[in-house]
Chemist: 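Handing you this structure, nothing more for now.
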Amino acid sequence: MIRAKTTLCALAVTCLVTACSSDDDNNGTTPPVVQTPKNVLFFLGDGMGITTLTAARIYKVGEDGSLTIDTLPETAFVHTYSNDAQVTDSAPSMSAYMTGVKMNNEVVSMSAATKAADASGKPYHTNYDATCPSGNGAPVDTLLELMKAKGYGTGVVTTTRITHATPAATYSHVCHRDAENTIAAALVPGGAGFNARLGDGVDVIFGGGTDYFVPKEDGGKRNDKRNLVTELKAKYSYAANKADFDKLPVDGTRIAGLFTKGHMAYDLDRDASKEPSLAEMTGKAIDALAAKKKGFFLMVEGGRIDHALHATNARRALQDTVAFDDAIKLALDKMQKADPGLKNTLIVVTADHDHTLQMNGYAARTGKTEPGKPGVLGLVKNYVGPATPSKDVDGNPYTIIGFGNGPKRLAARGPIDDTALEDKNYLQEAVIPMDPASDSETHGGADVFLGATGLGADQFSGVITNTDVFGLIRKAVEL
């Protein structure tokens, strides 16, 4: 009798923790099926091409070292082209990962034929509000929505605005990525424009971008006079700064933190007393979602890698890549403790697209970057004989890192001050000059790296497309 009672108690506890299900038509003759909770952690380094990864590794640990990304056992190369372009922007590439559908540039998680602009080229948004006409495509389910519908916990973490293209692709559906007022409304439970596919809402929300949650009258960019921050506070335990963040509960209740008006700071510039790091946000998100004891989907974006690359600012790009890698390490450590061997956890790390960052010349090994030693950020120096700078055709030195295009194109090349290369504001040269007013280098079209570990990770191999990743994740967690 004691043994029977113990068995029944154990089964009851198992059902509470992992959820029990049974067929209503079996009249109690079939034992209940115990569903083991599964976890998916999807890490996206925005713009983190393979050359950026290589440079970040040397920057952090030298040529012989390894980043956490390098230790992931299963790897693949990913094609990232969009439905209408050889070189994708973040919106359709992230949407392809999240939905399995190739879509047009600027489109967020909509069907393949959806247009981002009319025939004249006018984008389907006005002052950040969507103007997508009826009949122009339809929403397609995202991984986050599919897992939410199955009862899993969900979380979105980013260093960009929470309404930016990459995070938006997990929880919203718009014709044009710049309709960030519309995207913000999709995230707030109970209000007009809320995405009903999110059920009671995304469980963990961390990032920047209050501008699109606050009306213009209060210094934001919303046109409808709604204050979505106030609405979020009614539904979530909310943080506006690091002190608030530290106090957020991790007991399974819904939590949100929007820490800046726009994007969060680059890691090199971040005030740790005001903004949490990407690793800190990732750790708290995991703790909060794990407390639900029902499995979860978490998307983590290192979003500002992309912005520094657009500016041809290599130092900030590499430091943000390292900060992204730190978040991956923390997540791996936490999940190994919660799920030893990652038997029920899949972790995927990849990028949405490449950039035009390149590594020049036959540079001698530099080792990691440290004070007085710019490392991979420095000049190309000969690996044979004295470590003197290599020279271009006019006898001038050049840097290891450069860009295919960008805002900094010198009219005439001249000497480069080696010490200036350590400055975090130094901009690397570009081959093709772009308008300095745009302050923007372009994306690149090369394949990106994918690493995976845990449940179903062995299915990620070879050369795949970003849409394949969606199907492989669904297969791994039986979604």
Side-chain angles (χ1 to χ4, degrees), residues 13-21 33-45 67-76 78 97-98 142-158 170 202-204 206 250-252 255 278-302 324-351 449-461 464 468-479:
V13 170
T14 301
C15 288
L16 284 172
V17 172
T18 63
C20 291
S21 63
V33 177
V34 178
Q35 301 287 344
T36 301
K38 298 179 175 66
N39 310 300
V40 175
L41 289 80
F42 187 90
F43 286 85
L44 193 288
L67 297 175
T68 300
I69 295 172
D70 300 323
T71 68
L72 297 173
E74 309 297 339
T75 61
V78 183
Y97 286 128
M98 292 296 105
T142 72
L143 282 171
L144 185 149
E145 291 170 340
L146 290 168
M147 292 194 75
K148 184 73 178 181
K150 292 288 187 179
Y152 286 93
T154 55
V156 179
V157 175
T158 181
T170 68
V202 176
D203 298 293
V204 178
F206 289 147
V250 287
D251 57 3
I255 56 176
L278 183 59
E280 288 171 326
M281 291 191 290
T282 301
K284 178 148 284 193
I286 290 171
D287 291 343
L289 292 170
K292 291 179 173 293
K293 301 186 185 305
K294 60 181 183 179
F296 61 85
F297 172 86
L298 174 64
M299 190 288 295
V300 178
E301 182 198 20
F324 178 64
D325 194 70
D326 290 342
I328 297 165
K329 182 180 187 306
L330 181 70
L332 281 168
D333 291 344
K334 279 184 173 290
M335 295 313 300
Q336 283 286 5
K337 290 177 182 177
D339 178 20
L342 303 180
K343 295 178 181 179
N344 296 298
T345 299
L346 172 62
I347 298 176
V348 176
V349 180
T350 190
F449 172 82
L450 180 146
T453 188
L455 176 69
D458 58 341
Q459 299 301 305
F460 293 87
S461 64
I464 59 180
D468 293 330
V469 174
F470 170 81
L472 293 172
I473 293 175
R474 289 193 71 176
K475 181 181 178 182
V477 296
E478 301 175 331
L479 191 60

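Numbers here simply count residues along the sequence, with the first being 1.
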Chemist: Let me have the donor-acceptor pairs involving side chains of residues 469-479, under 3.5 Å, with sequence neighbours excluded, atom names and distances please.
Modeler:
residue : atom : partner : partner atom : Å
Arg474  : NE   : Leu479  : O            : 3.2
Arg474  : NH2  : Leu479  : O            : 3.2

Chemist: Taking ring pair (Phe, Tyr, Trp, His ring centres under 6.0 Å) as the definition, give me every residue that meets it alongside Phe206, ordered by chain and number, with sequence neighbours left out.
Modeler: Phe245

Chemist: Shortest non-hydrogen contact from Leu278 to Gly302?
Modeler: CD2-CA, 3.9 Å

Chemist: At what distance, to the nearest 0.5 angstrom, does CG of Leu455 lie from CG of Asp339?
Modeler: 8.5 Å

Chemist: I would like to know whether Asn39 and Leu289 meet side-chain contact (heavy atoms from CB on, under 4.5 Å); could you show each step before the answer?
Modeler: CA-CA 10 Å; Asn39 310 300; Leu289 292 170; over 6 Å; no

Chemist: Is any side-chain heavy atom of Ile286 less than 4.5 Å from a side-chain heavy atom of Leu41?
Modeler: yes

Chemist: Would Val204 and Leu298 satisfy side-chain contact (heavy atoms from CB on, under 4.5 Å), going step by step from the backbone distance to the final call?
Modeler: CA-CA 9 Å; Val204 178; Leu298 174 64; 5.6 Å; no

Chemist: Between Asn344 and Thr36, does any side-chain donor sit less than 3.5 Å from a side-chain acceptor?
Modeler: no

Chemist: Under 4.5 Å between any side-chain heavy atoms of Leu146 and Lys150, yes or no?
Modeler: no

Chemist: Are side-chain heavy atoms of Phe42 and Leu143 found at a separation under 4.5 Å?
Modeler: no

Chemist: Partners of Asp458 by side chain to side chain donor-acceptor pair (under 3.5 Å), sequence neighbours excluded?
Modeler: none

Chemist: Counting C-beta onward and ignoring hydrogens, is there a side-chain heavy-atom pair between Asp203 and Lys148 closer than 4.5 Å?
Modeler: yes

Chemist: Among residues at least two apart in sequence or on other chains, which ones pass ring pair (Phe, Tyr, Trp, His ring centres under 6.0 Å) with Phe296?
Modeler: none

Chemist: Counting only N and O atoms by type, is there a donor-acceptor contact under 3.5 Å from the side chain of Gln459 to the main-chain atoms of Gly456?
Modeler: no

Chemist: Where do Ala331 and Phe43 come nearest, in terms of heavy atoms and distance?
Modeler: CB-CZ, 3.5 Å

Chemist: Using atom types as modelled and distance alone, determine if a side-chain donor or acceptor of Thr350 lies under 3.5 Å from a backbone N or O of Phe449.
Modeler: yes

Chemist: What heavy-atom pair brings Pro73 and Ala452 nearest, and what distance separates the two atoms?
Modeler: CD-O, 3.4 Å

Chemist: Determine, step by step, whether Phe460 and Leu346 satisfy the side-chain contact (heavy atoms from CB on, under 4.5 Å) criterion, reporting the C-alpha distance in whole Å, the side-chain angles of both residues, the deciding distance to 0.1 Å, and the verdict.
Modeler: CA-CA 11 Å; Phe460 293 87; Leu346 172 62; 4.1 Å; yes

Chemist: Kindly write out the residues that satisfy side chain to side chain donor-acceptor pair (under 3.5 Å) with Thr158, not counting sequence neighbours, or none if the list is empty.
Modeler: Thr160, Glu301

Chemist: With no hydrogens and no angle check, is any side-chain donor or acceptor of Asp333 less than 3.5 Å from a backbone partner on Leu330?
Modeler: no

Chemist: Run the numbers on Asp287 and Lys334 for side-chain contact (heavy atoms from CB on, under 4.5 Å), then give the verdict.
Modeler: CA-CA 9 Å; Asp287 291 343; Lys334 279 184 173 290; 2.9 Å; yes

Chemist: For a quick test of reading the model, state the closest non-hydrogen atom pair linking Leu332 to Leu342 and the distance between them.
Modeler: CD2-CD1, 4.3 Å

Chemist: For Gly252 and Ala291, work out which heavy atoms get closest and say how close.
Modeler: N-CB, 3.6 Å

Chemist: Any salt bridge linking Asp325 with Lys329? Criterion: basic side-chain nitrogen under 4.0 Å from a carboxylate oxygen.
Modeler: no

Chemist: Test of understanding: with side chain to side chain donor-acceptor pair (under 3.5 Å), list the residues that count as partners of Thr453, not counting sequence neighbours.
Modeler: none

Chemist: Tell me the closest heavy-atom pair linking Lys294 and Pro37, and the distance in Å.
Modeler: C-CB, 3.5 Å

Chemist: If we ignore hydrogens and angles and just use 3.5 Å, is the side chain of Tyr152 paired with the main-chain N or O of Leu144 as donor and acceptor?
Modeler: no

